[in-house]
Amino acid sequence: MQIPSSIWSLLIGIVLTLVSLWYGQNHGLLPAAATDEAVLVDGLFNTMMTVSTGLFLLVEGLLIVAAFRFRQRPGDNTDAAPVFGNVPLEILWTALPAIVVLGISIYSFEVYNSIGGFSPHDMHDAPISQATVRMPGAAIAATLSDSPVNESPSANLNQQKSDEARLDPATASVRNDDQIPQKRNSPGTGIVSPTIGPSPDREGKPPDLVVNTTGMQYAWIFTYPDTGVVSSELHVPVGREVLVNLSANDVIHAFWVPEFRLKQDAIPGQQSEIRFTPRLAGEYPMICAELCGPYHGAMKTKVVVETMEAFGSWMKEQQSYASKEALNQAVAVKPADLSPEEFLAPYTKDMGIQSEMLEQIHASHHYPVLP
Ligand code: CUA
């Protein structure tokens with residue numbers, strides 16, 4: 001019995017669809033999805049994977065079948081039949097990809113909107129002031145901006161929080177503290193800075209936790225303005241919306257946690273931010289994703305997503321550690337209060353180094369001179 005070719009096509013179509021659907025969900029290419037945002041992004045990725053698996057199998061399958069079935073037989077030296085166009089086929093192969101591409105773009109806009117990519121939030125607390133103009137990286141930021149500088153010193157929430165945090169000895173004890181831009185004035189040049197804001201249903205609501213994050217060659221520093229705790233690891237509680245304010249001391253760095261499926265640049269002289277809600281406890285790598293110098297590859301740290309209780313006790317531990325530090329510092333010299341020349345004076349005299357020399361070194365780069 002001869003099976004009609006339409007039945008074959010139908011069967012092959014069904015098998016291709018099933019295989020594509022299965023592979024789209026089971027490709028195993030992505031690490032754990034540790035935030036609510038990651039789940040949405042993965043939905044989009046899996047859809048694209050399904051479509052491209054189907055297309056790949058269809059196109060490559062037809063290619064292999066055609067190459068085998070229409071191969072040259074021995075003794076056959078005739079030309080192939082000339083074929084000039086096929087209007088229905090051309091309409092089909094134009095219309096189908098157009099529909100697929102349109103569908104994926106609508107879907108991706110929807111995902112981007114849901115994770116807060118179109119949040120209008122970022123304009124209101126990014127003013128520029130004299131202090132911003134003088135902060136590290138302001139010259140770079142100025143070249144990135146076409147808009148006129150807004151001189152009016154309006155309210156800056158991040159600045160207030162940072163000022164409060166600064167009063168805490170824990171914050172003051174961080175090396176390079178005076179160079180962390182967000183503590184002088186919140187960066188911002190009056191242009192739209194890169195933002196992953198709150199999801200639309202949380203628009204206007206404050207985040208559950210704020211972490212000020214500064215990138216510098218070659219480390220990340222996390223400041224918790226509510227408690228003044230400063231850490232080199234990012235700890236966040238599960239199920240709470242976290243706002244990370246990003247700034248950079250020297251060059252562009254980028255906040256990237258693969259398990260969060262989120263990436264955001266940290267730009268000198270300008271504040272960017274990123275919001276997310278962790279959903280899966282665990283330890284994840286946080287990797288700088290912008291080539292920032294010879295040790296860029298080593299600019300990694302750890303993100304710890306933990307239960308609210310574990311997060312609370314970590315915070316307590318950090319606070320008690322910080323207050324012990326502060327006690328020690330009340331006795332010892334506080335390097336932050338001295339200029340590099342003053343601080344180095346006892347050593348430079350022995351080494352025969354002139355203070356002008358130090359001045360030059362200090363002006364030419366921002367990373368610490370001291371080990
Ligand atoms: Cu910082 Cu790469």
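Quick note: residue numbers are just sequence positions, from 1. Read the numbers this way: they start at 1 and go in the same order the structure lists the ligands and their atoms.
Val304 belongs to no hydrophobic cluster, as no Ile, Leu, Val, Met, Phe, Trp or Tyr side chain comes under 4.5 Å of its own.
The residues Arg261 and Glu37 are annotated as not salt-bridged, no charged nitrogen and carboxylate oxygen being separated by less than 4.0 angstrom.
One hydrophobic cluster, built from ILVMFWY side chains closer than 4.5 Å, cannot hold both Trp22 and Leu16; they sit in different ones. Leu55 is not connected to Trp93 by any chain of hydrophobic side-chain contacts under 4.5 Å among Ile, Leu, Val, Met, Phe, Trp and Tyr, and they are in different clusters. Note: the hydrophobic cluster containing Val303 also contains Trp314 (ILVMFWY, side chain heavy atoms under 4.5 Å, direct or indirect links).
In this structure, Arg69 places its CZ atom where only 12 or fewer heavy-atom neighbours from other residues, nucleotides or ligands lie under 6.0 Å away.
Listed by chain and residue number, the protein N/O/S atoms under 2.8 Å of atom 2 (Cu) of ligand 1 are Cys288 SG, Glu290 O, Cys292 SG, His296 ND1, with waters left out.
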